Amino acid sequence: MPQLFTNKRLIILLGSIILLVAMIGFSMRDRDNITWPEKFVKDVTGFGQNIVSKPASAVESFFDDVQRLRHTYEENAELRSHLEELAQLESDVTRLEKDNAELRKVLEKEESLADYEPVQATVIARNPDRWYELITIDQGESNGIAPDMAVMTASGLVGKVQSTSKFTSTVQLLSAHDSQNRVSALIQGESTVYGLIEGYDEEKRMLQMTKIPSDSTVKKGQAVTTSGLGGVFPKGLVIGTVTELVPDEFGLTQTALVQPAASFYDLEHVMVSKREMTSVLPQEEDRQQVLIEEEGL
Amino acid sequence: MKKGLLPLLMVILFYSDSVFMLFFSEQAFDGAYTPVPRFFLIGLLMMAVFFDRNTAIKYGFFFGFLFDMFYTGLLGAYFFFLPLLVYITSKLTKWLHGTLPVLFIIILFDVALIELMIYGLNVLVQRTAVSFEQFAYVRLIAVLVLNGLFYMIFAIPLRNAFIHLKKVFD
């Protein structure tokens with residue numbers, strides 16, 4: 001059919017479908033970070049987004065403040081009751097921290113999985129089509145942020161850095177549906193129980209902690225924190241509290257439903273934690289070095 | 001000089017989606033509904049009808065590309081769907097008369113269509129586990145209501161702006 005090929009529109013349509021599939025395939029690949037043209041586009045768009053969203057959030061936070069002002073009295077009364085406990089707690093913490101530092105010195109073990117350096121960041125955009133639970137923050141590679149770093153608010157862990165560009169980064173929240181979104185976690189109790197945070201129950205709004213050994217006893221209300229064993233997250237970031245424990249479909253392990261400590265909604269300010277202790281795998285250039293040295297042996 | 005107003009208007013519409021998300025609390029209605037702003041799409045379709053179809057297709061490509069890279073990270077989706085919707089709309093307005101009430105129906109149809117296509121794509125690449133009923137009740141209805149309201153408020157100013165810009169360009 002010669003007229004089929006002269007049909008310009010059909011060729012354009014077919015060409016764009018092929019391009020669509022190729023581009024989706026390209027972006028679905030399991031990749032460490034985005035390519036430099038994407039980074040460039042992100043920086044330029046992010047610059048505009050910054051200009052637009054900073055005044056917008058200023059206006060929004062003004063209204064929030066006005067609303068908060070109405071509840072000041074009750075909040076103040078409650079906070080005062082906490083304040084007395086706080087003084088005791090604070091002195092305990094400083095004493096324990098000092099103890100810890102001294103003991104570490106004795107052991108000559110200076111680095112810990114729990115050490116991290118927080119980087120403050122402001123949320124400048126939220127994915128408007130609301131499918132992937134992604135937010136964009138105004139800090140990027142120039143501030144030392146790299147993919148897979150932990151992102152948290154004052155109350156707890158909210159997600160991890162998915163990709164970075166020079167001046168912005170994209171953060172995937174824990175509530176996102178992504179099978180690669182896993183965090184190694186532990187339940188604090190008399191004996192520590194390890195598991196993996198993977199998946200989010202949309203209806204109950206709870207995180208699912210899987211791979212808990214079936215013989216371990218977990219009580220309701222126990223705290224869940226990161227374990228630092230995943231390689232990139234520091235140890236001890238608060239994730240939430242256990243609300244329910246159910247056996248999994250094969251009865252070999254248990255799944256705990258975890259009430260997240262931080263809200264995944266309406267985020268404004270977040271912290272990105274740069275873990276200080278190096279990860280187990282050396283950097284890529286170093287890895288090359290190791291290989292060469294091994295060959296020499 | 002005045003020709004620069006067209007890209008400026010489209011840039012403002014492009015960012016208006018995310019600015020709306022900053023203002024709109026996600027906990028509104030107890031999180032039972034997920035209204036998604038499609039203001040840029042509405043502006044783009046008005047542009048196709050009242051300004052020029054081919055320019056609108058070019059803008060659709062460009063801003064769809066930006067949207068994919070900056071917000072979703074899934075390249076190709078909006079890049080492909082936005083120009084396609086412009087094309088469909090321009091065909092529809094040729095059959096039906098492009099008056100504002102008729103355009104209201106067409107635009108709601110387009111908004112529903114893009115939601116369905118993006119949902120279908122997400123199911124296909126396994127980025128979501130939402131069932132179709134959930135999608136229809138939680139998302140689709142809320143999206144139509146929100147964007148219908150946007151159209152009712154901004155249809156006349158947008159139409160006047162594009163008609164004015166067309167005079168400037170001619």
Side-chain angles (χ1 to χ4, degrees), chain A residues 9 12-13 16-17 19-28 34 37-46 48-49 51-53 55-57 59-60 63 123-132 134-136 162-163 165 168 170 172 176-179 199 202-203 205 263-268, chain B residues 11-12 14-28 30-31 34-41 57 61 63 65-81 83-84 87 114-115 118-119 121-122 124-131 134-135 138-139 142-143:
Chain A
R9 266 176 225 155
I12 289 176
L13 186 70
S16 13
I17 288 176
L19 192 67
L20 169 77
V21 172
M23 278 170 88
I24 288 174
F26 173 75
S27 52
M28 289 293 290
I34 48 180
E38 285 170 87
K39 284 185 188 180
F40 177 73
V41 170
K42 273 200 148 176
D43 279 333
V44 174
T45 322
Q49 183 77 51
I51 294 173
V52 183
S53 67
S57 5
V59 173
E60 198 214 352
F63 283 110
V123 177
I124 54 170
R126 206 175 159 119
N127 177 10
D129 87 345
R130 301 181 72 174
W131 275 114
Y132 308 121
L134 299 174
I135 56 174
T136 309
Q162 192 183 47
S163 62
S165 67
T168 65
T170 305
Q172 186 179 41
H177 176 86
D178 181 359
S179 53
E202 290 265 351
E203 270 169 49
R205 299 206 193 169
S263 164
F264 300 134
Y265 300 99
D266 305 324
L267 296 164
E268 262 179 68
Chain B
V11 167
I12 290 171
F14 177 73
Y15 283 124
S16 70
D17 285 351
S18 65
V19 169
F20 175 81
M21 286 307 299
L22 282 180
F23 276 103
F24 183 81
S25 167
E26 282 152 79
Q27 294 284 53
D30 216 17
T34 324
V36 178
R38 296 281 182 204
F39 306 154
F40 176 76
L41 176 71
I57 287 182
F61 270 126
F63 283 102
F65 191 57
L66 284 192
F67 197 97
D68 283 335
M69 278 200 179
F70 190 66
Y71 294 120
T72 64
L74 186 68
L75 303 183
Y78 287 90
F79 176 71
F80 179 70
F81 290 146
L84 186 70
Y87 188 77
I114 198 163
E115 281 296 329
I118 296 288
Y119 169 70
L121 190 68
N122 281 323
L124 210 65
V125 300
Q126 295 178 348
R127 286 265 190 114
T128 181
V130 177
S131 68
Q134 237 179 330
F135 162 75
V138 173
R139 191 175 267 266
V143 173

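None of these values were measured; they are calculated from a predicted model. We name chains A, B, ... by the order of the sequence lines, and we start the count at 1 in each one.
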> Can you tell me which of A:Gln49, A:Glu38, A:Met28 forms the most heavy-atom pairs within a distance under 4.5 Å of chain B?
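That would be A:Gln49.
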
> Please step through side-chain contact (heavy atoms from CB on, under 4.5 Å) for the pair A:Ile17 and B:Phe80, ending with a clear verdict.
CA-CA 8 Å; A:Ile17 288 176; B:Phe80 179 70; 3.7 Å; yes

> Which atom names give the shortest non-hydrogen contact between B:Met69 and A:Lys42, and what distance separates them?
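Heavy atoms only, the tightest pair is O-CE, 3.3 Å.
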
> Does CZ belonging to A:Phe40 count more than 12 external heavy atoms closer than 6.0 Å?
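12 or below, so no.
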
> Which of the residues B:Val11, B:Ile12, B:Val36 is involved in the greatest number of heavy-atom pairs with chain A at under 4.5 angstrom?
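The answer is B:Val36.
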
> Can you name the residues that form a ring-ring contact (aromatic ring centres under 6.0 Å, His included) with B:Tyr15, not counting sequence neighbours?
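None.
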
> For B:Pro37 versus A:Pro128, what's the shortest heavy-atom pair and its separation?
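Shortest heavy-atom contact: CD-O, 3.7 Å.
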
> Quick check on the interface: out of B:Thr34, B:Leu84, B:Asp17, who has the most heavy-atom pairs with chain A under 4.5 Å?
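Of the candidates given, the most pairs with chain A belong to B:Thr34.
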
> Quick check on B:Tyr78 against chain A: is it the side chain, the backbone, both or neither that has a heavy atom closer than 4.5 Å?
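The side chain, not the backbone.
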
> Given the options A:Val59, A:Val123, A:Leu19, A:Thr45, which has more heavy-atom pairs under 4.5 Å with chain B than any of the others?
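Among the listed options, the one with the most contacts to chain B is A:Thr45.
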
> Give the minimum heavy-atom separation between B:Leu75 and A:Ile24, together with the two atoms involved.
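Closest approach of B:Leu75 to A:Ile24: O-CG1, 3.3 Å.
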
> Could you check B:Tyr87 against A:Arg9 for side-chain contact (heavy atoms from CB on, under 4.5 Å), going step by step and ending with a plain yes or no?
CA-CA 11 Å; B:Tyr87 188 77; A:Arg9 266 176 225 155; 3.0 Å; yes

> Scan A:Val44, A:Val41, A:Thr136 and name whichever one has a side chain to side chain contact (heavy atoms under 4.5 Å, CB included) with B:Phe70.
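The residue from A:Val44, A:Val41, A:Thr136 that satisfies side chain to side chain contact (heavy atoms under 4.5 Å, CB included) with B:Phe70 turns out to be A:Thr136.
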
> Count the heavy atoms belonging to other residues, nucleotides or ligands that lie under 6.0 Å from CD of B:Gln126, then report whether that count exceeds 12.
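No - once you tally the heavy atoms of other residues, nucleotides and ligands closer than 6.0 Å, there are 12 at most.
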
> Count the heavy atoms of every other residue, nucleotide or ligand shown that sit under 6.0 Å from CZ of B:Phe65, and state whether that count exceeds 12.
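Open: at most 12 neighbouring heavy atoms sit under 6.0 Å from CZ of B:Phe65.
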
> Could you report the tightest heavy-atom contact between A:Ala56 and B:Val19, atom names first, then the distance?
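That would be CB-CG1, 4.0 Å.
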
> Please assess A:Asp129 against B:Arg38 for the test side-chain contact (heavy atoms from CB on, under 4.5 Å), listing each intermediate value before the final yes or no.
CA-CA 8 Å; A:Asp129 87 345; B:Arg38 296 281 182 204; 3.8 Å; yes

> Of the backbone (N, CA, C, O) and the side chain (C-beta and beyond), which part of B:Phe40 lies under 4.5 Å from a heavy atom of chain A, both, or neither?
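Neither part.
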
> Output the option from A:Tyr132, A:Phe63, A:Trp131 having the highest count of non-hydrogen pairs under 4.5 Å with chain B.
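Heavy-atom pairs under 4.5 Å are most numerous for A:Trp131.
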
> Given that the side chain runs from C-beta out, which part of B:Ile114 has a heavy atom under 4.5 Å from chain A: side chain, backbone, both or neither?
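Interface part for B:Ile114: neither.
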
> Looking at every heavy atom in both A:Arg130 and B:Arg139, which two are closest together, and how far apart are they?
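Minimum heavy-atom separation between A:Arg130 and B:Arg139: O-NH2, 2.5 Å.
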
> With sequence neighbours left out, what residues match A:Phe264 under side chain to side chain contact (heavy atoms under 4.5 Å, CB included)?
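By the side chain to side chain contact (heavy atoms under 4.5 Å, CB included) rule, A:Phe264 matches A:Val158, A:Leu173, A:Leu174, A:Ser175, A:Tyr200, A:Leu207, A:Pro260.
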
